[in-house]
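One structure below.
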Amino acid sequence: MKKIFNSVQEQATAAVEQAEIAILPYLKEPSQIAEFNQLKVLQAMQQAKVSDAHFNTATGYGYNDLGRETLEQVYANVFRTESALVRPQLVSGTHALAVAFFGNLRPNDTLLYVTGAPYDTLHKVIGIKPADGSLAEFGVQYQQVDLLPNGAIDYPSLSAKLTSQKIKMVAIQRSKGYAWRHSLTISEIAQLIKFIKNISPATICMVDNCYGEFVEPTEPTEVDADIVVGSLIKNPGGGLAPVGGYVVGKKKYVESAATRLTAPGLAMEVGPTLGLTSAILQGLFLAPQVVESSIIGAIIAAKTFENFGFEVLPTATEKRSDIVQAIKLGSENAVLAFCKGIQQAAPVDSFVVPEKAAMPGYSHQIVMAAGTFIQGSSIELSADAPLKPPFIVYMQGGLTRYHAKIGVIYAVKSLLETNII
C-alpha cells in the first residue's frame with residue numbers, strides 16, 4: 001500500500017502490513033474453502049435451473065412465485081437438505097429463529113440450549129426475560145446447559161438432562177455471540193448432534209448458523225442437524241441481499257416454521273419476493289468470496305492486535321468457524337476508539353462517531369460501528385461491543401479483503417491517537 005498518509009496513519013499502516021506478511025501462509029485454507037463453496041453454490045443454481053425468468057417481480061399473495069420456489073430450491077441444494085424457507089419477510093436472524101421456535105414448539109415442550117445462554121436479542125423471544133408473546137407465555141419451558149470454563153460442551157450435564165426428561169428441541173448456537181469462547185466447528189457440531197441423537201433420537205436439533213455460513217466446506221445440515229437458521233444480511237447474502245432470513249432442514253420442521261411466518265393452511269404457498277430474487281441469488285453466488293474476505297480481515301486483525309499485546313480469540317493461526325474476531329481491549333475508552341476507527345473507514349456515514357447507548361434486547365449499553373450500505377448488515381465491515389468488563393470488541397465482515405484491512409488500519413490509528421497503544 002502506497003504510503004500517502006500522515007505519520008500516525010503511516011505507523012498504523014506499517015503495523016497492519018507487518019501482521020499481514022506474517023499471516024500470509026494461513027490464507028491458503030480460506031481460499032481453498034471459498035473455491036470449494038463457490039462450486040457448491042454454482043452447482044446448486046445449475047441444478048435448480050435458475051433462469052432470468054425467475055427474477056420477475058411477484059406481489060400480493062405471491063401465489064405460484066416461480067422465483068421464490070427456485071430460490072428456495074437453490075438454498076436446499078446448497079445446504080444439501082430437504083427443504084428451505086427463504087423470505088424477505090424474515091427481517092432478521094432473530095426473527096428467523098423465532099419462527100423456527102414457535103413453529104415447532106408447543107405448550108409444555110422443553111427447549112434446551114446446550115451452548116449456554118443465547119444472544120441477548122433472544123432472551124425476550126424465549127422468555128428468559130419477561131416479554132409479551134414470548135415462548136414462556138405460551139407454556140414452552142426453557143433450560144440451558146452452560147459451557148465448561150474452557151468453552152467446551154458440558155456433556156455429563158447434557159446427558160443428565162436428556163435422560164431425565166423429554167426434551168423437544170435442543171438449540172446449538174454456533175457463533176460465540178458476546179461471549180469469550182471459541183465458536184463451534186462443524187466437527188464439534190457433528191459430535192454434539194450424534195451424542196444427542198444416541199440418547200434421544202426424537203429430539204429436534206436446531207443450529208443457529210448466523211455468522212458461520214461458508215466459513216467451512218460443510219454446513220450443519222450435512223452433519224444431521226434437523227433445522228438450521230440464519231440471516232441473509234450476514235454471510236449468505238453476500239452484501240447484496242437487502243433483507244431476509246432462511247430456515248433450512250427437514251421438510252416437516254421447515255414447513256412448521258413457514259406456518260408460523262404466514263398462517264396455518266398457507267405455510268410456504270404465499271409470500272411475494274417483491275423483485276428481490278435476483279439480488280438474493282446474486283448475493284448468494286458472491287457469498288463464498290465475500291466470506292473469504294471477511295475471514296482474511298479477521299486474521300489480519302487478530303495478528304495485528306496480538307502484536308500489540310492484546311488477547312484475541314481466535315488467534316491468527318487457529319481454525320475458524322465464523323467470521324467474528326474478538327479482541328479484549330481492556331477499557332471502555334479503547335472499545336470506543338476502536339469502533340470510531342472502524343466507522344471512519346466506512347463508505348457510508350464515515351463522519352459519524354459511534355456512541356454508547358441502550359439498545360432493545362441488550363442488558364448493557366452497546367456501541368456499534370457500521371457504516372454499511374444495508375442497515376445492520378454484519379457481512380459488511382462492522383464492530384460492536386457491550387460496554388462491560390473486560391471490554392471485548394467484536395469485529396466482523398468486509399465485502400472485500402482490502403476494505404477489511406483498511407478498517408483494521410483505521411482502528412489502530414484511532415487507538416494510537418488516543419495513546420491507548
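Position 1 is the first residue of the sequence; numbering continues from there.
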Considering non-hydrogen atoms only, spot the tightest contact between [X] and [Y] and give its length.
{"X": "Val114", "Y": "Ile172", "result": "CG2-CG1, 3.8 Å"}
{"X": "Val393", "Y": "Ala383", "result": "CG2-CB, 4.2 Å"}
{"X": "Ile374", "Y": "Gly239", "result": "CD1-O, 3.5 Å"}
{"X": "Thr115", "Y": "Ala171", "result": "OG1-O, 4.3 Å"}
{"X": "Ile126", "Y": "Leu135", "result": "O-CB, 3.4 Å"}
{"X": "Pro30", "Y": "Ile299", "result": "CG-CD1, 4.3 Å"}

Is the closest side-chain donor-acceptor distance between Ser294 and Gln396 under 3.5 Å?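 Short answer, no.
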Which class fits the ring pair Tyr119 and Tyr211: parallel under 30°, tilted 30 to 60°, perpendicular over 60°?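 If you compare the ring of Tyr119 with that of Tyr211, the planes turn out perpendicular.
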If only atom types and distance count, is the side chain of Gln289 paired as donor or acceptor with the main-chain N or O of Leu286 below 3.5 Å?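 Checking the backbone N and O of Leu286 against the side chain of Gln289, no donor-acceptor pair under 3.5 Å is found.
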Centroid-centroid distance, Phe305 to Phe338, less than 6.0 Å: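 Yes: the rings meet the under 6.0 Å criterion.
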Would you say that more than 12 heavy atoms from the other residues, nucleotides or ligands in this model lie under 6.0 Å from the [atom1] of [X], or not?
{"X": "Phe310", "atom1": "CZ", "result": "yes"}
{"X": "Glu318", "atom1": "CD", "result": "yes"}
{"X": "Gln18", "atom1": "CD", "result": "no"}
{"X": "Glu20", "atom1": "CD", "result": "yes"}
{"X": "Glu35", "atom1": "CD", "result": "no"}

Under the criterion side chain to side chain contact (heavy atoms under 4.5 Å, CB included), which of Val99, Leu232, Val229 is the partner of Leu90?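 Checked Val99, Leu232, Val229 against Leu90; only one passes side chain to side chain contact (heavy atoms under 4.5 Å, CB included): Val99.
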State whether [X] and [Y] are salt-bridged, where the test is any N-O pair (Lys NZ or Arg NE/NH1/NH2 against Asp/Glu carboxylate O) under 4.0 Å.
{"X": "Lys340", "Y": "Glu417", "value": "no"}
{"X": "Glu188", "Y": "Lys319", "value": "no"}
{"X": "Glu72", "Y": "Arg87", "value": "yes"}
{"X": "Asp322", "Y": "Lys176", "value": "yes"}
{"X": "Lys197", "Y": "Asp226", "value": "yes"}

Using the rule given for side chain to side chain contact (heavy atoms under 4.5 Å, CB included), can you reason through Met169 versus Asp109, listing the C-alpha separation, both sets of side-chain angles and the distance that settles it, and then say yes or no? CA-CA 8 Å; Met169 178 184 285; Asp109 284 345; over 6 Å; no
